[in-house]
Amino acid sequence: MHKHGGKKSKQSNSKSSRDHLQRTSQSISLHGGSIGRQPEASPATGSTSQYGKNSFEAGSSSRGKEMSRLVLNPIKNHKPESYEDMNLDISSMLLSSLEMHLPSYMLGASRNNKASYMRGILQDYVPPALRYRDQKQKEYREKIMSNYQPLHQELYTIDPVAFFVPAFLKAIKDNTEQSFRSIMSEPAPGIFTFEMLQPRFCELLITEVEHFEKWADRTKLHVMRPNTMNQYGAVLDDFGLQTMLKKLMEDFISPLSKVFYAEVGGSTLDSHHGFIVEYGSHRDVDMEFHVDDSEVTLNVCLGRQFSGGELYFRGMRCDKHLNTMGHSEEIFDYSHVPGCAVLHHGRHRHGARATIAGHRVNLLLWCRSKHKNSKNN
Ligand SMILES: O=C(O)CCC(=O)C(=O)O
Ligand SMILES: [Fe+2]
């Protein structure tokens, strides 16, 4: 399975908000990206391909480092992929030449997965690559910030009444577990769903992202995607929304996470990665089975009309046991509803099924804490 995120996001997090690739892209499916469908098989069948011997973990993040490796003796006749079109922060030539050093079980993985795997290793051990990445990201943001004209300025500062539905606002204002539980369902342990965003806010945010994409297209700016698992979508922090999202986390998510996720760092959230994912024709189709690079994840559907795209959850795991078997009582599926939020622990394994018609846009806020309890790592 994937650890959605990666070293990139973590390291850059302290310096900038593009922290997202850090922990994500490091845990990889052997079967080249179809693992998102594997949890469909009933765990009761005891299928080992679910999380067992047919998958493996690879990581360069501090949490999964020991699992990543290259082999000393290269497979000389291996024909490497080209990574040039991927706009990665690491030389595509370096990746191509490193490929023959991949463990044999990695060679058949998808290009994305191989890139994530190698990138994860390089980012830990090649400081210049990190510097290059951070520099590249800084330039990218500066370019946007000095040229991009927002479409809806009102999105850039939190306006609680305009953003949130009244019941959510009241619950946050009352600030008690009881008030939170009065608006939230907990359909599976540690997963909370609730109505959160006003329809108008959702539509404004979608059109702002469309506006940004069009501007980037016109100005020939290659949009950096939220992480290696997305071909579409945008990082909201990259085009000016980081202050608003910081406040969203501090004033509206932290009160909840203090109560419901204290044991995994929910009381000390201190950074975030905010982005949009987009599914439908000419966009991403689904999201592979993964865990997030976050302590707490807020996932809110913004719209528009779609079918499919359900989230499937398959139990919480620490890093060491990401790929262990699931149990039937861990199965929880959720259908997105525009305006409604799902709040979950980042280590709650999940994926999103194919959006089979229409256009689905979701807002993701990965909330992180530097002071999370180490026993949960
Ligand atoms: O598509 C979704 O709703 C899930 C996206 C997700 O899990 C992620 O981006 O981390
Ligand atoms: Fe996720």
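Below, each value reflects all heavy atoms present in this structure, side chains not excepted, and no hydrogens, waters or symmetry copies. Order of listing sets the numbers, starting from 1, for every ligand and every atom in it.
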- [ ] Before accepting this row, confirm whether a basic side-chain N of the pair K258/E250 lies closer than 4.0 Å to the acidic partner's carboxylate O.
- [x] no
Open item on the list: For M287, is there any backbone N or O sitting under 3.5 Å from a side-chain donor or acceptor partner on R353?
Closed with: no
Task: Atoms of ligand 1 close to D292 [distance to a heavy atom under 4.0 angstrom, numbered from 1] - done: 10 (O)
TODO: Scan E139, Q135, R141 and name whichever one has a side chain to side chain contact (heavy atoms under 4.5 Å, CB included) with Q137.
DONE: R141
Open item on the list: Tell me if the centroids of the rings in H348 and F313 come within less than 6.0 Å of each other.
Closed with: yes
- [ ] Could I get the full list of side-chain contact (heavy atoms from CB on, under 4.5 Å) partners for H211, not counting sequence neighbours?
- [x] Y148, L151, E208
Open item on the list: Would H336 count as a contact residue for ligand 1, given that I'm defining contact as a non-hydrogen atom of the residue lying under 4.0 Å from a ligand atom?
Closed with: yes
Open item on the list: I'd like to know if the side chain of T207 and the backbone of L204 have a donor-acceptor N/O pair within less than 3.5 Å.
Closed with: yes
TODO: List every atom of ligand 1 that sits less than 4.0 Å from any heavy atom of N362, numbering the atoms from 1 in the order shown and giving each element.
DONE: 3 (O)
Task: Atom indices of ligand 1, in the order listed, that fall short of 4.0 Å to a heavy atom of R360 - done: 1 (O), 2 (C), 3 (O)
TODO: With heavy atoms of F275 as the reference, note each atom of ligand 1 found under 4.0 Å away.
DONE: 9 (O)
Open item on the list: Could you work out, with side-chain hydrogen bond (donor to acceptor under 3.5 Å, both in side chains) as the rule, every residue matching S257, not counting sequence neighbours?
Closed with: none
Task: Interfacing atoms of ligand 1 (cut-off 4.0 Å, heavy-atom, L311) - done: 2 (C), 3 (O), 4 (C)
- [ ] Run the numbers for me: atoms of ligand 1, each under 4.0 Å from some heavy atom of N299, listed by number.
- [x] 2 (C), 3 (O), 4 (C)
Task: Ring centre gap for W366 and F275 strictly below 6.0 Å - done: yes
TODO: Output the atom name for the N/O/S atom of D292 with the smallest distance to the Fe ion (ligand 2).
DONE: OD1
Open item on the list: Give the atom numbers and elements of ligand 1 that come within less than 4.0 Å of a heavy atom of W366.
Closed with: 10 (O)
Open item on the list: Nearest 10°: the angle subtended at the Fe ion (ligand 2) by H290 NE2 and H350 NE2?
Closed with: 90°
Task: Proximal atoms of ligand 1 relative to A352 (non-hydrogen, under 4.0 Å) - done: 1 (O), 2 (C)
